[in-house]
Amino acid sequence: MNEPKRYLVTSALPYANGPLHIGHLAGAYLSADIFVRYLRLMGKDVVYIGGSDEHGAAITIRAKKEGITPREIIDKYHTLFEDTFRRIGISYDKYHRTSEPIHHETSQEFFRKLYDKGEFVEQTTEQYFDESAKQFLADRYIIGTCPKCNHTEAYGDQCENCGSTLSPTDLIEPRSTLSGNKPVLKTTTHWYLPLDKYEAWLREWVETGVVDGEKQHEPNAWKNHVLGQCKSWLDGGLQPRAMTRDLSWGVDVPQEIPGAEGKKLYVWMDAPIGYISSTKQWAADNGKDWKPYWQDKDTALVHFIGKDNIVFHCLIFPAILKAAGDYILPVNVPANQFMNLEGRKISTSKNWAVWVHEYVQEFEGREDELRYNMIKNMPENRDSEFTWKGYQETNNNELVNNLGNFINRVLVLTNKYYGGVVPAIDQRQRINSSLAPEESASYKEELRVLYEGLRNVSVNIKKYEFRAALTALMEISSKGNQLLQFNEPWKRQKTEPEDVKVVMNLGVQIVAALSVACRPFLPFTSDKLRTMLNLPAIEEQGELQAILEKLEQNEAIVPEGHQIGKGAYLFERIKDDVIDAQIAKLEAANAANAGVEYEAVKDTIQFDDFSKLDLRTGKIIAAEKMKKAKKLLKLTVDLGFEERTVVSGIAEFFKPEDIIGQEIVLVANLAPRKLRGVESQGMILMAENEKGELGFVSPPKDWVTGFTVR
RNA sequence: GGCGCGGUAGCUCAGUUGGUUAGAGCGCAGGAUUCAUAAUCCUGAGGUCGGGGGUUCGGGUCCCCCCCACGCUACCA
């Protein structure tokens, strides 16, 4: 594969239904931003694309709940996203939105093209339908009792209480959120993309990089967990996926297609095509042609996403692109894993998160400090963790003590000794090497060390190893500190001023190199440094490439005689009270949210309804774990007059040997049901707490078995 | 239960195709130093590389079994 002519880089489109937290940032936005800023600094042709994902049922439901329009919600979050990204320095070339007409047209064109080519399979299935509202109900429009945790407000696709993934037909007592009525099952027809038909080429493409006999990517360059998850799906066999849904808020299925009425494009045919429509808008705004970026084989397409999006970007979207024809496939999908927060999973609903828009407000001027910590702890290959204490430590120990201090030392000394003018030097002078205290080095040899340091940053960014690249950046600064330490200008200025000139000139060169090399990671710091050095602001147009070329030729970056400005602190120490306040804030928000949520009391029943239940006291006399099931125990219950076999989903909370002799209450007249091949004759009553933990409901100790409970 | 990514120093993590005494940063202990935001630099202590077996002249690295964490998935009357 040749060096690409141009790059098209995307970050996952955030869903316009809630603010951005640090997990989003560490997952898909900072990584992309580092990559594109680097490419620009190397003089590459690169376009960085993103936008808000603004369709879907979750938004309409929320709008209904809050009594506002979906448009108001998406406008609110789209504006917030744009502002947040700008303030934390995510340098999109185009941040677009899927509600724009150009996006509707683009995704409809895609659909039309696939339809005309006969790629779709039409399938008729039964879906819930609200007769009073006269419409099919999206998963999110159906609420019912979760079959797993009995939460009464579970959605048709997911229970937000226990987190399990559901299908609408799983819900007990489903009801429509539109009318509150019980929905009926009715047939509906949708267009499916037959992924099963594409399985063979998708597998070859993922595993070898070859499509249609042409090598398009190097699988070794893909991350393990990305390849692993793709293979896992491929091995499991791909199923046709619906590309349309019965939704009210989204992109219409092109109306000339028979049966299109009331149908919208599903997220697969909507959100990722947002990358393309966003590119079109960028091209229109800048007098460019969007097509080479999506259709020319010499373009490298890179998707930055979180691990929850791997299958989507590595299998489904490529399938759509190839089915449409004329489109290139991604050369890499460097998905990150997840970032935890203070030992727990980040959770929007539980309000366990650091919100980026709050951070940029509360820590204005400290954007790079967050970026630095996020990159240092980026979940590149496994889940990682953000802690406020860690944030404080990286800030104080690395940004202040290492980087900021080195730069300050150079600026202070240069101003003190030479009035801020970069000293002219005699290149024949030898100084102490920055590499080892006992060795000597020439000016040019030290420029070479700097060159190698920059190369090291560069190589790691190319490999999508941003943590390593950041470490390499900090090594440049560390070597700078060593150079000063081994040469001790403050001592030798009086005795060996010519040596000191060489050292300080080098110091300025290193700081100047850092002002360019730090930019992908710390763009705000880069700007400040350029001002301090009195050097032109960075436009991200080949500046890194330019200094690499100079250094490779052993040429200085900053000429002798250049006047630098005064130093100022780039980073400031963060005190304990700031950190303590943030931790307290986190705990408080979480506690406020965790206020025990009581389930709503169900509809009133009559005594007759109750008396239909036959509850009996009993005792567990045998228990064993069910094979091939994580949650199930097979229990034998003594009812006095008979023994029952009961399969119960309590294995996560109780070991079989611990519950022999446990007295229980059994629903004795529940219709038997087979679970994993074993007939369960009844149900044991369990109490559940707010954490979802289970406890037995039992009669007093040594109660007689087999008697009724009422 | 199935599949997948991981399990390396007190903490956060590097360790390429198997090859000499397993590394970095932070923290800790000593020392040097003062240009610098009590910053910097040097030295040191600290690891049966999750456990067990195997292949090999040689295994953190390859193979098998097991344990733990996370994710996806099935099961939850």
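Note: hydrogens, waters and symmetry copies are ignored here, and every other heavy atom, side chains too, is used. Labels below follow one simple rule: chain letters A, B, ... track the order of the sequence lines, proteins then strands, and each chain is numbered from 1. Predicted, not measured: the structure shown is a model, and the values here were computed from it.
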> When you compare B/A29 with B/C67, how far apart are their C1' atoms, in angstrom units rounded to a whole number?
Replying inline: 36 Å
> What residues, two or more places apart in sequence or in another chain, satisfy ring-ring contact (aromatic ring centres under 6.0 Å, His included) together with A/Phe696?
Replying inline: A/Phe654
>> Under 4.0 Å, heavy atom to any atom of RNA chain B: which of residues 492-503 of chain A qualify?
In response: none
> Across all strands, who's sitting opposite B/C28 as a Watson-Crick or G-U wobble pair, both distances under 3.5 Å?
Replying inline: B/G44
> Rounded to whole angstroms, how far apart are CG on A/Asn373 and C1' on B/C11?
Replying inline: 14 Å
> Should the pair A/His217 and A/Trp222 be assigned to parallel (<30°), tilted (30 to 60°) or perpendicular (>60°) ring geometry?
Replying inline: parallel
> So what's B/U17 paired with, Watson-Crick or G-U wobble, going by both distances under 3.5 Å?
Replying inline: none
>> Looking at B/C49, which nucleotide sits across from it as a Watson-Crick or G-U wobble partner, both distances under 3.5 angstrom, or is there none?
In response: none
> Nearest of B/C76, B/G25, B/C13 to any side-chain atom of A/Lys376?
Replying inline: B/G25
> Looking at A/Glu445, A/Gln482, A/Glu446, which hits side chain to side chain donor-acceptor pair (under 3.5 Å) with A/Ser434?
Replying inline: A/Glu446
>> Measure CD1/A/Ile650 against C1'/B/C76 and give the value in whole Å, please.
In response: 11 Å
>> Under 3.5 Å for both donor-acceptor distances, Watson-Crick or wobble: does B/G4 have a partner, and if so which one?
In response: B/C70
>> Suppose you measure atom C1' in B/G1 against the same atom in B/U20; what distance do you get, rounded to whole Å?
In response: 45 Å
> Do we get A/Lys307 above A/Phe338's six-membered ring, with its NZ or CZ under 6.0 Å from the centre and within 45° of the axis?
Replying inline: yes
>> Of the options B/C42, B/C70, B/C76, whose atoms approach the side-chain atoms of A/Asp383 most closely?
In response: B/C70
>> Counting only Watson-Crick pairs (N1-N3 plus N6-O4 or O6-N4) and G-U wobbles (N1-O2, O6-N3), all under 3.5 Å, who is the partner of B/A22?
In response: none
> To the nearest angstrom, how far is A/Glu475 atom CD from B/A14 atom P?
Replying inline: 15 Å
> For atom C1', what is the distance between B/A69 and B/A24, given to the nearest Å?
Replying inline: 25 Å
> Does the ring pair (Phe, Tyr, Trp, His ring centres under 6.0 Å) test come out yes or no for A/Trp268 and A/Phe317, once each step is laid out?
Replying inline: CA-CA 7 Å; A/Trp268 322 107; A/Phe317 188 44; over 10 Å; no
> Is there a donor-acceptor pair under 3.5 Å between the side chain of A/Asn377 and the backbone N or O of A/Ser384?
Replying inline: no
> Out of B/U12, B/U33, B/A36, which nucleotide sits closest to the side chain of A/Asn377?
Replying inline: B/U12
> To the nearest angstrom, how far is A/Lys307 atom NZ from B/G6 atom P?
Replying inline: 12 Å
> Between B/C35, B/C41, B/U37, which nucleotide has the shortest distance from any of its atoms to the side chain of A/Val400?
Replying inline: B/U37
> Can you list the residues that meet the side chain to side chain donor-acceptor pair (under 3.5 Å) rule with A/Asn396, with sequence neighbours excluded?
Replying inline: none
>> Would you call the rings of A/Phe386 and A/Tyr391 parallel, tilted or perpendicular, taking 30° and 60° as the class edges?
In response: tilted
>> Please give the distance between the C1' atoms of B/G19 and B/C66 as a whole number of Å.
In response: 29 Å
> Hey, is the side chain of A/Asn401 poking within less than 4.0 Å of OP1 or OP2 on B/A38, counting only N and O atoms?
Replying inline: no
>> Judged by each residue's nearest nucleotide on RNA chain B, which is more toward the 5′ side, A/Ser680 or A/Leu570?
In response: A/Leu570
> To the nearest angstrom, how far is A/Met474 atom CE from B/U40 atom P?
Replying inline: 10 Å
> With sequence neighbours left out, what residues match A/Ser477 under side chain to side chain donor-acceptor pair (under 3.5 Å)?
Replying inline: A/Asn402
> With both distances under 3.5 angstrom, what nucleotide forms a Watson-Crick or G-U wobble pair with B/C75?
Replying inline: none
> Taking the same atom, C1', in B/G71 and in B/C5, what whole-Å distance lies between them?
Replying inline: 8 Å
>> How many whole angstroms separate atom CG of A/Asn336 from atom C1' of B/G6?
In response: 15 Å
> Under a 3.5 Å cut-off for both distances, is B/U37 Watson-Crick or wobble paired, and to whom?
Replying inline: none
> Would you say A/Asn336's side chain and A/Ala26's backbone share a donor-acceptor pair under 3.5 angstrom?
Replying inline: yes
Polar pairs (N or O, both sides) under 3.5 Å between protein and nucleotides 3-5 of chain B?
from	atom 1	to	atom 2	distance (Å)
B/C3	O2'	A/Ser232	OG	3.0
B/C5	O2'	A/Asn381	O	3.4

> Expressed as a whole number of Å, how far does the P atom of B/G47 sit from that of B/C42?
Replying inline: 23 Å
> How far does the P atom of B/G15 sit from the matching atom of B/C62, given to the nearest Å?
Replying inline: 13 Å
> Between B/C72, B/G25, B/U40, which nucleotide has the shortest distance from any of its atoms to the side chain of A/Glu398?
Replying inline: B/G25
> Is the distance from OP1 or OP2 of B/U12 to the nearest side-chain N or O of A/Lys389 less than 4.0 Å?
Replying inline: no
> A/Glu369 has an atom CD; how far is it from atom P of B/U37, in whole Å?
Replying inline: 18 Å
>> Can you check the distance between B/U16 and B/U61, where both ends of the measurement are the C1' atom (answer in whole Å)?
In response: 10 Å
>> Ring centres under 6.0 Å, that's the criterion: do A/Trp388 and A/Phe363 meet it?
In response: yes
> Atom CG in A/Leu522, atom OG in A/Ser515: separation rounded to 0.5 Å?
Replying inline: 12.0 Å
> So what does A/Gly682 hit on the nucleic acid, given a heavy-atom distance under 4.0 Å: a base, only sugar-phosphate, or nothing?
Replying inline: sugar-phosphate
> What's the spacing between A/Leu666 CG and A/Lys619 NZ if we round to 0.5 Å?
Replying inline: 15.0 Å
> B/G6 P sits how many Å from A/Asn340 CG, rounded?
Replying inline: 17 Å
>> When you measure from the side chain of A/Lys479 to the backbone of A/Leu435, do you find a donor-acceptor pair of N or O atoms at a distance under 3.5 Å?
In response: no
> Heavy-atom contacts under 4.0 Å between residues 411-421 of chain A and RNA chain B, which residues?
Replying inline: A/Val412, A/Leu413, A/Lys416
> Any donor-acceptor pair under 3.5 Å linking the side chain of A/Asn395 with the backbone of A/Glu572?
Replying inline: yes
> So which nucleotide from B/G27, B/U40, B/U33 ends up closest to the side chain of A/Asn405?
Replying inline: B/U40
>> Looking at A/Gln485, I'd like to know whether one of its side-chain N or O atoms comes within less than 4.0 Å of OP1 or OP2 on B/A32.
In response: no
